[in-house]
Amino acid sequence: MICDEAHTALGEKTSSAIRSFPEPIYIGMTATEQLIAKQVSDVFPASVDDLPLQDAARRGLIAPLRCLRVPPVAAINQVPIVGGDFDQEILAKTLDHQALNQAAASLYRDRFDNTPGIVYAAGVDHAYNLAKEFRAAGLKAEAVSGRTPPVRLAETLAAYERGEINVLINAMLLAEGWNSPRATVCMHLAPTASRRVYQQRIGRIMRMHPRKEAGVVVDFVPKAATHTERVISLHSLLDADFYREGARVTPAPRRRMQRRARRRLTPAPWLVPVTPDARRRLSVITREWQRVDPKYLDEDEQRYWATIAGRQIRFDERAAFVTKLTDRGASRACLEQFLATCAAENPNRRLRMIALSDRVSMNVERADFDDLVTLVTQAPTWEKDRMSGIRVLLRAIAEGKVDAPEQILARWTWRLARASRKVQDRRASSEFPEAKRLLGALANSRGHRHEENAAKLVNAARELPLTVGAALLASAEGYTPRATQLIEAAREKLGTLPEMAEALAENLPAPKLTSSRSRRRKRRKRRKGGAEAQQQQQQQQRGSENGAAPEADAETQAPQPSADDEPAKKPRRRRKAKPSEDVAPPTGTPAAEL
């Protein structure tokens with residue numbers, strides 16, 4: 001006894017007729033494991049041999065599936081679920097509006113044009129109204145239902161197979177028992193809450209066809225909708241971890257078809273996690289952080305994504321990543337977390353410096369800036385760029401980018417100055433010859449002598465320019481309370497806090513945002529240019545001695561090979577070439593021509 005569509009409910013007459021056969025072998029066949037357990041378990045008590053859709057697609061038994069999610073316009077939250085699915089009458093009243101029907105027709109025309117497909121509507125009237133709008137949009141569409149006469153139905157289905165009709169619109173007439181290999185698009189204009197109904201619908205586009213690269217499923221659900229939504233989607237049916245617009249949801253077949261069909265949807269460069277499992281969502285973010293769209297993540301997930309990105313982003317990816325942060329609607333907290341992590345943990349020195357500069361270009365909270373000060377002054381990763389990082393932080397204080405009391409700002413300023421004491425000392429000593437003697441006397445004295453030296457240093461700092469005086473006070477350190485008080489008072493009276501921070505920053509080297517490789521390349525170009533200029537001047541000098549024409553006239557003539565041209569290549573092999581300005585112009589040759 002072979003029974004097709006074994007997932008459907010079996011009535012009393014059908015089940016009794018099946019049982020009337022003496023000792024039959026029962027074989028039930030269905031394309032879905034979502035059974036309606038009414039009398040099915042009584043008629044087919046044996047276990048089911050299951051073949052998941054993923055395995056069937058991998059083996060090449062069915063066409064792979066791609067998905068396109070469209071945010072719904074009409075809300076169906078108030079539509080009740082009766083018997084495992086939405087109430088069709090209330091659903092039709094909610095969705096059957098001319099504006100929605102016209103939008104659906106425009107969507108199909110713009111995205112798929114004449115690609116053959118099937119559209120599921122919420123009722124018979126909804127199907128005929130949709131067919132009217134589809135035809136008005138220029139598509140060859142027809143609606144079929146239980147009202148369609150059998151002869152007319154057979155003619156419509158035959159015309160669909162011949163290509164005279166490209167879109168078939170129905171309610172539930174073609175959900176089961178209809179086979180058309182050319183059907184490629186399945187549009188769920190009537191969402192369903194039944195996994196069985198959904199799987200039967202998408203089964204219509206999973207038949208293999210030479211011109212079908214993959215079936216396309218259009219779900220009217222939010223792009224970041226998880227599997228906990230009432231509406232069934234392709235990703236919830238297959239328990240997929242993430243949604244990527246236009247990408248395959250089922251695996252690609254192992255063996256390719258002889259004729260490669262054109263792809264109807266192009267995968268988007270971004271994706272979004274849709275699984276409700278928190279660990280799987282974090283796993284997707286960790287594995288696919290470069291393609292994750294932060295707009296659809298919550299605040300905690302955005303921070304996690306920004307932390308992963310800040311650690312692993314490369315220098316050549318920075319422009320594309322900044323575009324994603326700005327265009328895809330990442331939150332400010334996400335941007336701040338990315339910049340802070342990049343400045344602290346990224347292995348690229350230039351990226352760390354750029355991230356630090358970008359982080360302090362916006363307003364910084366007190367706790368965040370304190371972390372940045374600790375990072376730049378103490379972290380081993382900032383050992384080679386410590387002075388440049390301190391300069392960036394001092395400029396942020398000078399420009400008022402830090403939200404903190406003035407007392408805390410002053411403490412940060414002189415903490416940064418103390419961390420750059422060696423550079424400040426060299427600056428003060430180069431501009432003020434007595435700085436070394438004053439600082440040495442202050443460091444090597446004790447007691448009242450130490451306080452007298454502190455007073456001398458303070459008086460000298462007040463008479464110096466602001467940058468030199470700030471550098472001198474930054475290098476000074478008192479050993480007694482009186483000396484410390486004198487130095488701190490001088491720091492306050494020498495200038496305002498922004499002025500002092502700006503002066504201390506001027507004494508430090510500017511950040512080097514170019515790599516050593518590019519600097520070496522530029523040096524080689526300058527060296528090569530100098531050698532060529534020297535070679536040209538030597539040729540001009542030889543020409544002047546031999547009575548040759550000026551260089552301006554020689555440029556219009558074709559070069560003639562001679563024995564004198566061979567030694568011209570020797571200056572290239574020299575390691576250090578003299579600049580062209582050091583070579584005296586030959587006699588009789590205008591200097592402007594050189």
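Of all the heavy atoms in Ala122 and Ala190, the pair that sits closest is N-CB, 3.4 Å. For the pair Val217 and Ile202, the tightest heavy-atom approach, listed with the atom from each and the gap, is CG2-CG2, 4.1 Å. Taking every heavy atom of both residues into account, Val124 and Ser145 meet most closely at CG1-OG, 3.5 Å. Heavy-atom minimum distance, Ala75 versus Thr94: O-CG2, 3.6 Å. Heavy-atom minimum distance, Arg182 versus Asn166: NH2-OD1, 3.4 Å. The two residues Asn170 and Ala175 make their nearest non-hydrogen contact at OD1-N, 4.4 Å.
Side-chain atoms of Arg135 come within 3.5 Å of backbone atoms of Ala141 as a donor-acceptor pair (strictly under, hydrogens ignored). Without hydrogens or angle criteria, Thr341 side chain to Gln337 main chain gives a donor-acceptor distance under 3.5 Å. Judged by distance alone, with hydrogens and angles left aside, the side-chain atoms of Asn129 form a donor-acceptor pair with the main-chain N or O of Asp125 at under 3.5 Å. Under a 3.5 Å cut-off, the side chain of Arg281 and the backbone N or O of Pro273 do form a donor-acceptor pair. In this structure, the side chain of Arg230 engages the main chain of Ile76 through a donor-acceptor pair within 3.5 Å. The backbone N or O of Leu65 lies less than 3.5 Å from a partner atom in the side chain of Thr250, making a donor-acceptor pair. A donor-acceptor contact shorter than 3.5 Å links the side chain of Thr374 to the backbone of Asp370. Judged by distance alone, with hydrogens and angles left aside, the side-chain atoms of Arg66 form a donor-acceptor pair with the main-chain N or O of Gly246 at under 3.5 Å. Although no hydrogens or angles enter the test, the distance criterion places a donor-acceptor pair under 3.5 Å between the side chain of Arg318 and the main chain of Phe315. Looking at Asp219, its side chain does come within 3.5 Å of a backbone N or O of Leu234 through a donor-acceptor pair.
Note on residues 122-148: pairs passing ring pair (Phe, Tyr, Trp, His ring centres under 6.0 Å), not counting sequence neighbours, are Tyr108-Phe134.
A salt bridge is absent between Asp300 and Arg303: the closest approach of a Lys/Arg side-chain nitrogen to an acidic carboxylate oxygen does not fall below 4.0 angstrom. A salt bridge does not link Glu399 with Lys401: every distance from a Lys NZ or Arg NE/NH1/NH2 to an Asp or Glu carboxylate oxygen is 4.0 Å or more. Between Lys223 and Asp293 there is no salt bridge, since none of the side-chain N atoms of the basic residue sits less than 4.0 Å from a carboxylate O of the acidic one.
No more than 12 heavy atoms of other residues, nucleotides or ligands sit less than 6.0 Å from atom NZ of Lys132. Other residues, nucleotides and ligands contribute over 12 non-hydrogen atoms within 6.0 Å of the CZ atom of Arg287. Taking a 6.0 Å sphere around CD of Gln98, one finds it holds 12 or fewer heavy atoms contributed by other residues, nucleotides or ligands. Within 6.0 Å of atom CZ in Arg366, 12 or fewer heavy atoms from other residues, nucleotides or ligands are found, so the atom counts as exposed in its surroundings. For Glu164, the CD atom sits in a packed shell: over 12 heavy atoms of surrounding residues, nucleotides or ligands are nearer than 6.0 Å.
Summarising the geometry, atom CZ belonging to Arg201 is positioned 12.5 Å from atom CG belonging to Leu237; distances are rounded to the nearest 0.5 Å. Put simply, CZ on Arg211 and OG1 on Thr184 are 11.0 Å apart, with the number rounded to the nearest 0.5 Å. To the nearest 0.5 Å, atom OG1 of residue Thr275 and atom CZ of residue Arg280 are 3.5 Å apart. Between the CG atom in Leu157 and the CG atom in Asn179 there is a gap of 11.5 Å [rounded to 0.5 Å]. Between the CH2 atom in Trp178 and the CG atom in Leu168 there is a gap of 5.0 Å [rounded to 0.5 Å]. For the atom pair Thr115 OG1 and Leu139 CG, the distance stands at 10.0 Å (nearest 0.5 Å).
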### Query
Can Arg263 and Glu213 be said to form a salt bridge (charged side-chain N to carboxylate O under 4.0 Å, His left out), step by step?
CA-CA 6 Å; Arg263 188 168 54 190; Glu213 183 268 340; 5.9 Å; no
### Message
Using the rule given for side chain to side chain donor-acceptor pair (under 3.5 Å), can you reason through Thr228 versus Thr226, listing the C-alpha separation, both sets of side-chain angles and the distance that settles it, and then say yes or no?
### Response
CA-CA 5 Å; Thr228 56; Thr226 60; 2.8 Å; yes
### Query
Going through the checks in order, is the side-chain contact (heavy atoms from CB on, under 4.5 Å) test met by Leu356 and Leu375?
CA-CA 10 Å; Leu356 180 67; Leu375 171 70; 5.6 Å; no
### Message
Assess the residue pair Gln302 and Ser331 against the criterion (side chain to side chain donor-acceptor pair (under 3.5 Å)); give the C-alpha distance rounded to whole Å, side-chain angles, the decisive distance to 0.1 Å, and a yes or no.
### Response
CA-CA 8 Å; Gln302 282 194 11; Ser331 64; 2.7 Å; yes
#### Entry: From CA spacing to verdict: side-chain contact (heavy atoms from CB on, under 4.5 Å), Met362, Leu335
CA-CA 11 Å; Met362 59 185 75; Leu335 177 60; 3.8 Å; yes
### Task
Let me see the working for Glu317 and Gln290 under side-chain contact (heavy atoms from CB on, under 4.5 Å), right down to the final yes or no.
CA-CA 10 Å; Glu317 300 172 344; Gln290 292 177 312; 3.1 Å; yes
### Task
List the steps, then state whether side-chain contact (heavy atoms from CB on, under 4.5 Å) holds for Ile205 with Val185.
CA-CA 7 Å; Ile205 62 172; Val185 180; over 6 Å; no
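At least one cation-pi condition fails for Arg264 and Phe112: the charged atom is not both under 6.0 angstrom from the six-membered ring centre and inside a 45 degree cone around its axis.
By the side-chain contact (heavy atoms from CB on, under 4.5 Å) test, Ala247 is found to be paired with Arg244, Pro267, residues two or more places apart in sequence or in another chain being considered.
Ring-centre distance between Phe242 and Trp289: not below the 6.0 Å cut-off.
When side chains are defined from C-beta on, Leu189 does not count as touching Leu95, because their heavy atoms never get closer than 4.5 Å. Contact annotation: the side chain of Glu229 never approaches that of Val221 to less than 4.5 Å [non-hydrogen atoms, C-beta and beyond]. Within the 4.5 Å cutoff, side-chain heavy atoms of Leu265 are placed close to those of Arg111. The shortest side-chain heavy-atom distance between Leu174 and Arg204 does not fall under the 4.5 Å cut-off. When side chains are defined from C-beta on, Trp382 counts as touching Asp385, because their heavy atoms get closer than 4.5 Å. The shortest side-chain heavy-atom distance between Arg207 and Ser180 does not fall under the 4.5 Å cut-off. Side-chain contact check for Asp358 versus Phe338: every heavy-atom pair is 4.5 Å or farther apart. Under the 4.5 Å side-chain criterion, counting only non-hydrogen atoms from C-beta, Glu336 is in contact with Arg359.
Using bins of under 30°, 30° to 60° and over 60° for the plane-to-plane angle, the ring pair His235/Tyr243 lands in the perpendicular bin.
The residue from Phe86, Tyr198, Phe220 that alone fulfils the ring pair (Phe, Tyr, Trp, His ring centres under 6.0 Å) condition with His188 is Tyr198.
Side chain to side chain, Arg352 and Thr381 fail the donor-acceptor criterion of an N or O pair below 3.5 Å.
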